[in-house]
2 protein chains.
Amino acid sequence: MEGSAPRRTRIQQEKRELILEAALEVFSTNGFRGSTIDQIAEAAGMSKPNLLYYFRRKEDIHETLMERLLQTWLAPLRELDDIGDPLTELRSYIRRKLEMARDFPRESRLFANEILQGAPRIMPLLEGELKTLVDEKAAVIKGWMRAGKIARTDPWHLIFSIWATTQHYADFDVQVRAVLGADRGGDGRFEDAARFLEQLFIDGLKPKS
Amino acid sequence: MEGSAPRRTRIQQEKRELILEAALEVFSTNGFRGSTIDQIAEAAGMSKPNLLYYFRRKEDIHETLMERLLQTWLAPLRELDDIGDPLTELRSYIRRKLEMARDFPRESRLFANEILQGAPRIMPLLEGELKTLVDEKAAVIKGWMRAGKIARTDPWHLIFSIWATTQHYADFDVQVRAVLGADRGGDGRFEDAARFLEQLFIDGLKPKS
DNA sequence: CTAACGTTTGTCCAATCGGTCAAAATTTGC
DNA sequence: GCAAATTTTGACCGATTGGACAAACGTTAG
């Protein structure tokens with residue numbers, strides 16, 4: 001059971017990595033159809049035919065990128081565990097997701113582009129692996145609700161709202177920075193966001209009585 | 001001061017509308033660079049040269065679409081007013097935004113596409129009109145906080161979180177439906193979302209003591 | 001009817017697209 | 001050091017792209 005991954009030389013490993021890095025940059029800002037092989041090749045510092053020696057089709061690059069992405073992207077949710085205190089567990093899930101938006105914004109945008117366009121290339125993954133994982137974690141959250149550890153609400157939509165609020169800082173970064181302006185749109189915006197989200201998810205907006 | 005809008009015949013008005021409707025469909029799912037004039041022309045039921053008679057460049061269509069979009073898109077926020085009860089006011093803002101995600105998903109995706117790609121065409125609007133409006137409403141919200149009507153937190157990030165959570169149901173609709181599955185991903189998902197978001201924003205997740 | 005105007009179409013173009021291919025340059029195993 | 005294997009390049013291809021243009025068609029006012 002090892003025949004699936006083709007044997008690769010040192011140069012192939014390095015160059016493929018170089019191409020994937022360049023493609024991440026290009027795909028995440030232009031989308032799949034909006035990106036050209038020439039753009040990626042130039043960003044990777046090589047000629048188009050040379051790039052096509054390592055990836056025979058444009059789609060192969062995108063596919064490889066997408067497979068890797070999904071693994072790292074779902075890691076934080078996989079870590080959501082039944083062990084610690086529920087509110088603490090959720091708080092740190094939110095923090096981890098926000099850190100990913102800060103540290104891997106291109107990956108977030110690549111994913112957003114794919115979903116926006118109807119997820120033509122990863123639909124089976126969404127309905128399969130992703131749904132299974134979310135259902136599993138929703139069950140964990142439901143357990144916390146039954147135990148009275150957190151308020152009763154819809155676990156699936158809770159997960160959606162965490163995804164939405166955190167990824168917003170990667171996908172809509174341009175808008176966030178434009179609205180916050182020069183003074184508040186600097187590096188501190190992620191700490192502000194973290195503080196705000198923690199308060200929102202734990203206490204909501206109702207005034208302390 | 002009326003010379004800016006060119007005189008138009010009845011046929012021109014109708015056909016331009018037809019083209020914009022078709023272009024909204026095409027642009028919102030493929031992005032600007034990913035869409036072709038032929039696609040739009042076919043969706044509008046006319047030949048490419050005929051379409052180019054009404055809009056001389058592909059960019060003109062996108063620009064017109066974008067200008068209209070922004071006006072309707074910001075309407076709910078404009079309505080956010082200082083008059084009623086703050087919590088009720090925020091609740092109904094969230095509800096209106098969620099209804100827009102349900103009723104105008106293509107507009108939401110068009111906007112998301114533009115922002116994802118760095119907002120090259122509407123950056124001035126974000127820094128100008130949008131920032132001004134948000135700052136204004138943030139001031140209103142700050143007033144509510146000072147009056148003790150809602151919990152003290154960051155008004156800008158509060159607005160971001162409302163945008164993120166509601167638009168998520170338009171922009172990431174495919175993913176939402178895939179994860180919810182056939183039974184829960186039907187028409188009822190927006191009502192479920194509305195109930196969840198209301199609870200989240202008002203009470204948070206802390207269990208009722 | 002007809003001239004003027006508005007609309008539609010077929011044809012064409014240069015640029016760009018994803019991708020091929022054979023030859024040249026380089027690296028590697030022995 | 002040398003032959004085999006790998007890597008890189010330039011030239012090229014058919015398809016598609018955004019757009020131009022003149023000719024044909026339709027409409028309407030006098």
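The structure displayed is predicted, hence computed values, not measured ones. In what follows, chains are A, B, ... by sequence order, proteins preceding strands, each numbered from 1.
At the heavy-atom level, B:Tyr54 lies under 4.0 Å from the strands shown only through sugar-phosphate atoms.
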Worksheet, complete the sentence: Letter by letter from the 5' end, nucleotides 13-26 of chain C scores (B base, S sugar-phosphate only, - none; protein heavy atoms under 4.0 Å) ----SBBBB-----
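A:Glu198 meets the salt bridge (Lys or Arg N to Asp or Glu O under 4.0 Å) test with A:Arg91; sequence neighbours excluded. For B:Glu67, the salt bridge (Lys or Arg N to Asp or Glu O under 4.0 Å) test picks out no residue, with sequence neighbours left out. Partners of A:Trp144 by ring-ring contact (aromatic ring centres under 6.0 Å, His included), not counting sequence neighbours: none found. For B:Phe27, the ring-ring contact (aromatic ring centres under 6.0 Å, His included) partners are B:Phe32, B:His62, not counting sequence neighbours.
Under a 4.0 Å N-O distance rule, the pair A:Asp82/A:Lys137 does not qualify as a salt bridge.
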Polar atom pairs between nucleotides 22-26 of chain D and protein, under 3.5 Å, N or O only, would you list them?
none

Check: protein-nucleotides 27-30 of chain C nitrogen or oxygen pairs below 3.5 Å:
unit_1, atom_1, unit_2, atom_2, d
C:dT28, OP1, A:Arg10, NH2, 2.9

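By the 30° and 60° cut-offs, the orientation of the rings of B:Phe160 relative to B:Trp163 is tilted.
The two residues A:Gln175 and B:Leu126 come nearest to each other via the heavy atoms CA-CD1, 4.1 Å.
A straight line from CD of B:Gln13 to C1' of C:dT7 spans 16 Å, rounded to a whole angstrom. Rounded to whole Å, atom P of C:dT7 lies 12 Å from atom CZ of B:Arg16. Distance A:Tyr53 OH to D:dT8 C1': 9 Å, rounded to the nearest Å. Regarding B:Glu42, its CD atom lies at a distance of 13 Å from the P atom of D:dT16, rounded to whole Å. Rounded to an integer number of Å, the gap from CG of A:Asn50 to C1' of D:dT6 is 11 Å.
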Under 3.5 Å, which donor-acceptor pairs do the side chains of residues 41-57 of chain A form with other protein atoms, sequence neighbours left out?
unit_1, atom_1, unit_2, atom_2, d
A:Ser47, OG, A:Asn50, N, 3.4
A:Arg57, NH2, A:Asp60, OD1, 3.0

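The stretch residues 18-30 of chain B has no heavy atom under 4.0 angstrom from DNA chain C at all.
Identified under the side chain to side chain donor-acceptor pair (under 3.5 Å) test for residues 123-132 of chain B, with sequence neighbours left out: B:Arg78-B:Glu129, B:Lys131-B:Asp135. Here ring-ring contact (aromatic ring centres under 6.0 Å, His included) pairs that include residues 173-200 of chain A, with residues two or more places apart or in two chains, number zero. Counting only residues at least two apart or in different chains, side chain to side chain donor-acceptor pair (under 3.5 Å) contacts with residues 16-31 of chain A comprise A:Glu17-A:Arg68, A:Glu21-A:Arg106, A:Glu25-A:Arg106.
At least one side-chain nitrogen or oxygen of B:Gln12 sits closer than 4.0 Å to the OP1 or OP2 atom of C:dT7. Considering only side-chain N and O atoms, B:Ser47 lies under 4.0 angstrom from the phosphate OP1 or OP2 of C:dT9.
More than 12 heavy atoms of other residues, nucleotides or ligands shown are found within 6.0 angstrom of CG on A:Asp183.
Separation of atoms CZ (A:Arg189) and OH (A:Tyr169) is listed at 10.0 Å; rounding is to 0.5 Å.
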